[in-house]
Enquirer: 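Here it is, the structure in full.
Keep in mind it's a predicted model, so treat the numbers as computed, not measured. What's counted below: heavy atoms across the whole structure, side chains too, no hydrogens, waters or symmetry copies.
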Amino acid sequence: MRRIAFAVVSLLFASSLFISAALAGDAEIKAGQAVIDGQLKALIANDGVKAYSYAAPNVKQIFPTVDAFMNMVTNGYAPVRQPQSYSFGKVEQTGPGSIIQQVLIVGPDGKNYEAVYTLQQQPDGSFQITGCSLRASNSLST
C-alpha cells in the first residue's frame, strides 16, 4: 500500500513539474512575441529609441547608436520597418530562455515576407531580439 501511495505521489509531482514547464514555455513565448510586437509598433511609429530598446546587447554592439540601427532597418528591412500587416507564425523554444519566432509580414510593396526572429532571455528576465532574417515570398498578398 505504501509503495502505491509513493508511486501516486511521485506521478503527481512529476506531472506538476511537466505542466509547470509547459506553462513557463508558453509564458516565455508570449513574452517574446510581446517584444517583437513592441518593436514593430515602435518602427511603424518612427520611434527609433523604443525600437532600439528591444535589441539585445549583441545587436547594440554592431549598431551602437539608434541612428545606425534605424539606418540598418530602413535600408535592409523595409518590410519590417513599415509593414502593412503582420502576424505570428511558427515558434520554437530552442532552449531555456531562447526562442525562434516566425513573423508573417505584408510589406509596404504588398508582397508577403517571412521574418524569423531570434530572442534570448536576459539576466533581468526580459527577452530581447538577437537577430532577424527576412525572406521574400513570390506571392502577392490578397
Side-chain angles (χ1 to χ4, degrees), residues 3-142:
R3 213 178 247 169
I4 292 172
F6 180 75
V8 169
V9 168
S10 296
L11 182 61
L12 289 173
F13 179 72
S15 297
S16 69
L17 286 177
F18 177 75
I19 290 168
S20 295
L23 292 176
D26 287 346
E28 288 180 343
I29 289 166
K30 287 184 189 313
Q33 289 174 343
V35 166
I36 295 167
D37 185 58
Q39 187 179 64
L40 288 169
K41 286 179 178 171
L43 289 168
I44 292 166
N46 284 322
D47 188 344
V49 171
K50 187 165 186 168
Y52 188 65
S53 74
Y54 294 105
N58 69 308
V59 175
K60 290 179 178 178
Q61 188 173 16
I62 297 167
F63 304 100
T65 66
V66 171
D67 287 340
F69 175 78
M70 290 302 288
N71 284 333
M72 176 271 299
V73 175
T74 299
N75 294 321
Y77 294 83
V80 171
R81 176 74 174 85
Q82 288 294 320
Q84 288 184 24
S85 65
Y86 60 91
S87 61
F88 293 108
K90 297 181 227 170
V91 63
E92 181 181 350
Q93 195 165 6
T94 57
S98 183
I99 298 169
I100 297 174
Q101 175 68 61
Q102 176 192 48
V103 180
L104 307 170
I105 296 174
V106 177
D109 56 4
K111 293 182 181 178
N112 293 322
Y113 295 86
E114 174 192 39
V116 178
Y117 284 82
T118 56
L119 299 101
Q120 187 67 46
Q121 193 167 27
Q122 303 303 302
D124 68 358
S126 68
F127 278 87
Q128 290 186 320
I129 298 168
T130 57
C132 178
S133 63
L134 185 65
R135 182 176 68 103
S137 173
N138 291 329
S139 63
L140 287 176
S141 180
T142 55

Enquirer: Which residues pass the side-chain contact (heavy atoms from CB on, under 4.5 Å) test with Ala68, not counting sequence neighbours?
Expert: Phe63, Thr65
Enquirer: Who pairs with Gln33 by side chain to side chain donor-acceptor pair (under 3.5 Å), at least two apart in sequence or on another chain?
Expert: Gln101
Enquirer: Could you pull out all residues at least two apart from Gln102 that satisfy side chain to side chain donor-acceptor pair (under 3.5 Å)?
Expert: Glu114
Enquirer: Once salt bridge (charged side-chain N to carboxylate O under 4.0 Å, His left out) is applied, do any residues pair with Lys41, and if so which ones, sequence neighbours excluded?
Expert: Asp37
Enquirer: Can you sort out the partners of Gln39 under side chain to side chain donor-acceptor pair (under 3.5 Å), two or more places apart, ordered by chain and number?
Expert: none
Enquirer: So, using side-chain contact (heavy atoms from CB on, under 4.5 Å) as the criterion, who are the partners of Asn71 when residues are at least two apart?
Expert: Asn75
Enquirer: Provide the full list of salt bridge (Lys or Arg N to Asp or Glu O under 4.0 Å) pairs with a residue in residues 77-106, sequence neighbours left out, each pair given once.
Expert: none
Enquirer: Kindly give the heavy-atom pair with the smallest separation between Ala55 and Lys60, and that separation in Å.
Expert: O-CE, 3.2 Å
Enquirer: Would you compute the distance between atom CD1 of Ile105 and atom CZ of Arg135 and round it to the nearest 0.5 angstrom?
Expert: 12.0 Å
Enquirer: What are the two closest non-hydrogen atoms of Gln121 and Gly125, and how far apart are they?
Expert: NE2-O, 3.0 Å
Enquirer: Under the side-chain contact (heavy atoms from CB on, under 4.5 Å) criterion, do Leu43 and Val73 qualify, and how do the steps go?
Expert: CA-CA 9 Å; Leu43 289 168; Val73 175; 4.0 Å; yes
Enquirer: About how many Å separate CD1 of Ile29 and CD1 of Ile99, when rounded to the nearest 0.5 Å?
Expert: 6.0 Å
Enquirer: Which residue pairs satisfy the side-chain hydrogen bond (donor to acceptor under 3.5 Å, both in side chains) criterion with at least one member in residues 123-134, sequence neighbours excluded?
Expert: Thr118-Thr130, Asp124-Ser126
Enquirer: Kindly indicate whether the side chain of Asn112, heavy atoms from C-beta on, has any atom under 4.5 Å from the side chain of Leu104.
Expert: no
Enquirer: Using the side-chain contact (heavy atoms from CB on, under 4.5 Å) rule, take Ile36 and Leu119 through it: C-alpha gap first, then chi angles, then the decisive distance, then the call.
Expert: CA-CA 9 Å; Ile36 295 167; Leu119 299 101; 3.7 Å; yes
Enquirer: Could I get the full list of side chain to side chain donor-acceptor pair (under 3.5 Å) partners for Ser53, not counting sequence neighbours?
Expert: none
Enquirer: Supply the atom-to-atom distance Ile44 CD1 to Gln84 CD, rounded to the nearest 0.5 angstrom.
Expert: 10.5 Å
Enquirer: Looking only at heavy atoms, which two atoms of Val59 and Gly131 are closest? And how far apart?
Expert: CG2-N, 4.5 Å
Enquirer: Can you list everything that forms a side-chain contact (heavy atoms from CB on, under 4.5 Å) with Ser98? Sequence neighbours excluded, please.
Expert: Thr94, Gln120
Enquirer: List the steps and the verdict of side-chain contact (heavy atoms from CB on, under 4.5 Å) for Val80 and Leu40.
Expert: CA-CA 7 Å; Val80 171; Leu40 288 169; 3.6 Å; yes
Enquirer: To the nearest 0.5 Å, what is the distance between CE on Met70 and CG on Asn46?
Expert: 6.0 Å
Enquirer: Which pair of non-hydrogen atoms, one from Ala42 and one from Ala51, has the smallest distance, and what is that distance?
Expert: CB-N, 3.5 Å
Enquirer: Scan residues 75-130 for pairs that pass ring pair (Phe, Tyr, Trp, His ring centres under 6.0 Å), counting only residues two or more places apart or in two chains.
Expert: none
Enquirer: Can you list everything that forms a ring-ring contact (aromatic ring centres under 6.0 Å, His included) with Phe69? Sequence neighbours excluded, please.
Expert: Tyr52
Enquirer: Side chains of Val116 and Cys132, heavy atoms from C-beta outward: is any pair under 4.5 Å?
Expert: no
